[in-house]
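The structure under discussion appears below in the form of structure tokens.
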Amino acid sequence: MPRHLLTDFELMILLAVLRVGSDAYGVPIAEEIERTGGRRAALGAIYAALDRLERNGLVSSVLGAPTAERGGRAKRFFTVTPQGLRGVKETQRALVALWKDVPQLKRGRA
Amino acid sequence: MIVRQPSLPTRAVLRLLGGCNEPLIGDLLEEFRRGRSEGWLCGQLLLACVNGSLHRRQPPVALNLTSIDPVVAEWLMSKRLPARPINLSAPGEGIGGLGLILLGMLLTSVVPDVWWFVVGGIGSGVVLGTAKAYLRRNHALPDARDRYFT
């Protein structure tokens, strides 16, 4: 099976879904990315990325019940699949290996 | 408790977008009701239109009218949806099979020697349409089973 290294945005989204846990839908995922990553992402962009991840089998989604607060629209809850978790770990391994011993990032250097 | 509502034009746009990625629109409304501005809401809708994330159509959420689990009910409803009609007269996007035949007939009236072109076009159209029909019939509907059952 070909290895799938994630883009930075996909990685942030998968990590946010993992951090949020069972209640991971658009709003808390966006909040988690903003809170931890310092990056404000448009909800549409997050959904586009999640659709792509779902097509690639890295996340799965289920529809919840509609609520009046959301104008009668259901929430879509996301979970990371085992394949997605493998992708996150592989990307982490690749990035850690790349970061290691970079002279400009070593302590004391500008 | 007064629920904060967007302005009339925004509500009209949201009604027009009904059926387009309901969870995304629900999220945007939820954020709006928590205090985001209307300008933010309109900007997010515009961005969603531009990046295509409004195009996804969700399967209907089954009403929980019985004791059946809603997940199972949704799967059962999805299996009862009729198959999409297959338009055999338009094998390609924007290209009508009947239009092609008409073009071929006009061509042969001007240049009779290219009759083989018309026959070949009709034949290939039939083959293409049959192949598309076969592929569409075998292409599964959004299969809820794969999501819920392992």
Side-chain angles (χ1 to χ4, degrees), chain A residues 7-10 12-13 16-17 20 22-35 39-85, chain B residues 1 3-6 10-11 14-15 17-34 36 40-64 69-75 77-78 142-144 146-150:
Chain A
T7 64
D8 65 331
F9 193 49
E10 289 173 343
M12 287 180 85
I13 286 178
V17 171
V20 169
S22 59
D23 202 28
Y25 65 100
V27 170
I29 292 171
E31 284 173 351
E32 188 68 23
I33 290 173
E34 190 172 344
R35 192 177 65 80
R39 174 179 178 167
R40 185 170 293 182
L43 276 166
I46 290 174
Y47 269 90
L50 283 165
D51 281 343
R52 199 166 53 244
L53 289 168
E54 191 170 19
R55 273 199 304 275
N56 291 332
L58 304 181
V59 297
S60 60
S61 67
V62 291
L63 279 180
T67 57
E69 174 192 43
R70 298 161 57 85
R73 292 168 176 89
K75 292 178 186 176
R76 192 169 151 213
F77 296 101
F78 294 91
T79 47
V80 178
T81 61
Q83 189 183 345
L85 199 56
Chain B
M1 183 178 125
V3 175
R4 195 168 161 235
Q5 294 277 17
T10 308
R11 271 186 275 159
L14 287 170
R15 264 197 299 275
L17 294 171
C20 299
N21 204 344
E22 299 274 340
L24 169 58
I25 294 176
D27 286 351
L28 293 174
L29 271 176
E30 190 179 313
E31 288 275 49
F32 172 75
R33 283 174 177 153
R34 284 185 194 177
R36 297 276 197 176
W40 176 90
L41 177 61
C42 295
Q44 291 286 311
L45 283 171
L46 187 61
L47 275 171
C49 282
V50 164
N51 71 21
S53 48
L54 279 177
H55 292 168
R56 180 186 167 99
R57 297 205 167 254
Q58 298 296 319
V61 177
L63 295 174
N64 192 10
D69 187 273
V71 161
V72 175
E74 184 188 339
W75 175 69
M77 278 181 70
S78 72
D143 197 348
D146 293 336
R147 276 188 285 156
Y148 304 133
F149 302 109
T150 55

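Lettering of chains follows the sequences in order, A, B, ..., and the numbering in each one begins at 1. Just so we're clear, the structure is a prediction, and the values are computed from it rather than from any experiment.
Every residue meeting the side-chain hydrogen bond (donor to acceptor under 3.5 Å, both in side chains) condition with B:Thr10, not counting sequence neighbours, appears here in chain and number order: B:Ser7, B:Glu38. Residues satisfying the side chain to side chain contact (heavy atoms under 4.5 Å, CB included) criterion with B:Arg34, sequence neighbours excluded, are A:Tyr25, A:Val27, A:Glu31, B:Glu30, B:Glu31.
Counting only distance, with no hydrogens or angles, the side chain of A:Arg70 and the backbone of B:Glu22 share no donor-acceptor pair below 3.5 Å. B:Gln44 contributes no side-chain N or O that, together with a main-chain N or O of A:Ala42, makes up a donor-acceptor pair within less than 3.5 Å.
If you take CZ on A:Arg73 and CD1 on B:Ile25, they are separated by 5.5 Å, rounding to the nearest 0.5 Å.
Of all non-hydrogen atoms in B:Arg36 and A:Arg40, the two that sit nearest each other are NH1-NH1, 4.4 Å. In terms of heavy-atom proximity, A:Gly44 sits nearest to B:Leu24 at N-CD1, 3.9 Å.
Neither the backbone nor the side chain of A:Ala30 comes within contact range of chain B; no heavy atoms are under 4.5 Å apart.
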